Amino acid sequence: LHDGQIQASLVEVTPSKDPKTPPPPSTLVFGHTFTDHMLSIPWRADSGWGTPKIQPYAPLPLSPSATVFHYAHCLFEGLKAYREPSGKVTLFRPDMNMKRMNTSAERVAMPTFNGDAVIELMKQLIRLDKHWIPEEPGYSLYIRPTMIGTQPALGIAPPKEALLFVICSPVGPYYPQGFKPVALYGTTEYTRASHGGIGAYKLGANYAAGVAAQKAAALQGYVQNLWLHGPQHHITEVGTMNAFVAFKRDNGVTELVTPPLDGIILPGVTRDSVLALARDHAAGVLKIPELTDKLVVSERPVTMIEVKAAAQLGELVEFFGVGTAAVVSPVDRIGYLGEDLHIPTGPDGMGPLSRPLWKYLTGIQTGAIVHPWSVDV
Ligand code: COI
């Protein structure tokens, strides 16, 4: 017996009888195309995790009373698989996603699971569909592990039935024409997260609540929200990404700042990776090519007052978002309380920190730089 845990070795694989032909990579729109197969693992409170199945991608049979439709019992992850020129396929830090998925599940009283088994099962799924990963540079397979409450019951309680499933979507570079800096709207009318709330967890509800705010920002000519928090307008996140700001300090030092994980920030995998690389560079244990600024790396609160003052004094080096989907997203303008702050960007749209950090990180992700974060599939 399996102790209620997920048993990767019990997986039942049903190959598709009607496999599709992957579309030309240049036609891909983020998250609109899905591969031939999916992974699903049911859970019941009385028996734990059931038999994992890899089967053709298909609609889910769910009762209209399933808790996911009523009380937002839904959490998800996003990670990417890369195909190296040699044909080798790798995943980037999947252990981090499994850890966070379990934290999200606990927050909404959903079942936790042994992440290693799901990594093993995702690898099997990816091997089956690996011809869907475009070979062109900058392309990858976006993997979407999801967990929903499936119990058909309207009482508000921990769901007694759940489903963990994983689907895969071939994706191109977020900026196919090169980096395009985005304009942000410093949002004070809406709050993304609050202390004790759910903003530090990757729950579907967080994203649904952000869409109206994004729409309002777009109506004013901005691409994304800069989520500000509290009376001092603390910088929290950029759209669905973590925020980084760089300031010029004395003696030619640049301070790279991101807000701390104090309960209102999503613990991003790209955030953690950028911090680790920048810290190793600052400590002299890693040399990131073309990163010439002398660095200090801080996880500390940062307010719009500080960013605005730095912009006015010419001490703002750059501002960027980081996330799995876009990796790095430079910002060139922030609308704040009726005026626009302008942020410097280089001729290629990036800055003196984001460019070398992006290059190094994507080098690891694509296998050009050998690193333990990249895991063989
Ligand atoms: C990110 O990777 O930056 C995201 O948050 C993904 C988004 C599609 C939800």
Side-chain angles (χ1 to χ4, degrees), residues 28-35 68 72 74-82 91-101 103-104 107-108 122 138-148 165-176 179-182 184 187 190 192-193 198-215 217-218 223-227 235-244 258-259 261 264-275 319-331 350 354 357-358 361-362 364-366 373:
L28 292 171
V29 176
F30 182 84
H32 279 58
T33 303
F34 298 94
T35 65
V68 61
C74 168
L75 55 101
F76 69 95
E77 280 299 323
L79 68 163
K80 281 176 173 171
Y82 298 84
L91 275 171
F92 184 70
R93 306 189 76 184
D95 54 316
M96 295 284 282
N97 296 90
M98 294 299 101
K99 203 174 102 191
R100 186 172 63 186
M101 199 170 176
T103 312
S104 300
R107 181 65 183 81
V108 283
M122 286 196 294
Y139 286 77
S140 58
L141 192 65
Y142 184 77
I143 320 284
R144 173 51 67 88
T146 311
M147 195 196 294
I148 56 172
F165 63 88
V166 181
I167 53 177
C168 306
S169 174
V171 295
Y174 221 75
Y175 301 102
F179 280 91
K180 198 176 165 318
V182 295
L184 302 180
T187 302
Y190 297 90
R192 195 196 78 89
I198 57 170
Y201 306 90
K202 210 158 177 75
L203 303 181
N206 279 321
Y207 296 80
V211 178
Q214 200 276 332
K215 211 172 128 189
V223 175
Q224 269 300 348
N225 303 93
L226 172 57
W227 293 104
I235 284 159
T236 63
E237 295 194 14
V238 173
T240 62
M241 290 181 283
N242 290 116
F244 279 82
T258 193
L261 301 179
I264 59 169
I265 303 293
L266 189 90
V269 178
T270 314
R271 174 190 181 279
D272 184 85
S273 305
V274 165
L275 275 177
F319 198 114
F320 55 95
V322 307
T324 294
V327 189
V328 168
S329 192
V331 174
M350 302 198 81
S354 59
L357 283 164
W358 169 81
L361 182 57
T362 52
I364 294 172
Q365 290 171 337
T366 58
W373 283 343

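All figures in this text were calculated on a predicted structure; none of them were measured in a lab. Position 1 is the first residue of the sequence, and the numbers go up from there. Both counts, for ligands and for their atoms, begin at 1 and track the order of listing.
Counting only distance, with no hydrogens or angles, the side chain of R144 and the backbone of S169 share no donor-acceptor pair below 3.5 Å.
Under the rule for a ring pair (Phe, Tyr, Trp, His ring centres under 6.0 Å), F165 has no partner lying at least two apart in sequence or in another chain. Scored by the side-chain hydrogen bond (donor to acceptor under 3.5 Å, both in side chains) test, Y207 finds K202 as partners (sequence neighbours excluded). The side-chain hydrogen bond (donor to acceptor under 3.5 Å, both in side chains) test applied to R107 returns no partner, not counting sequence neighbours.
Across all non-hydrogen atoms, the minimal contact from N242 to E237 is ND2-OE2, 4.0 Å. The two residues Y142 and G78 have their closest heavy-atom pair at OH-CA, 3.4 Å.
Protein neighbours of ligand 1 below 4.0 Å, counting non-hydrogen atoms: F30, Y142, K202, Y207, T240, M241, G323, T324, A325.
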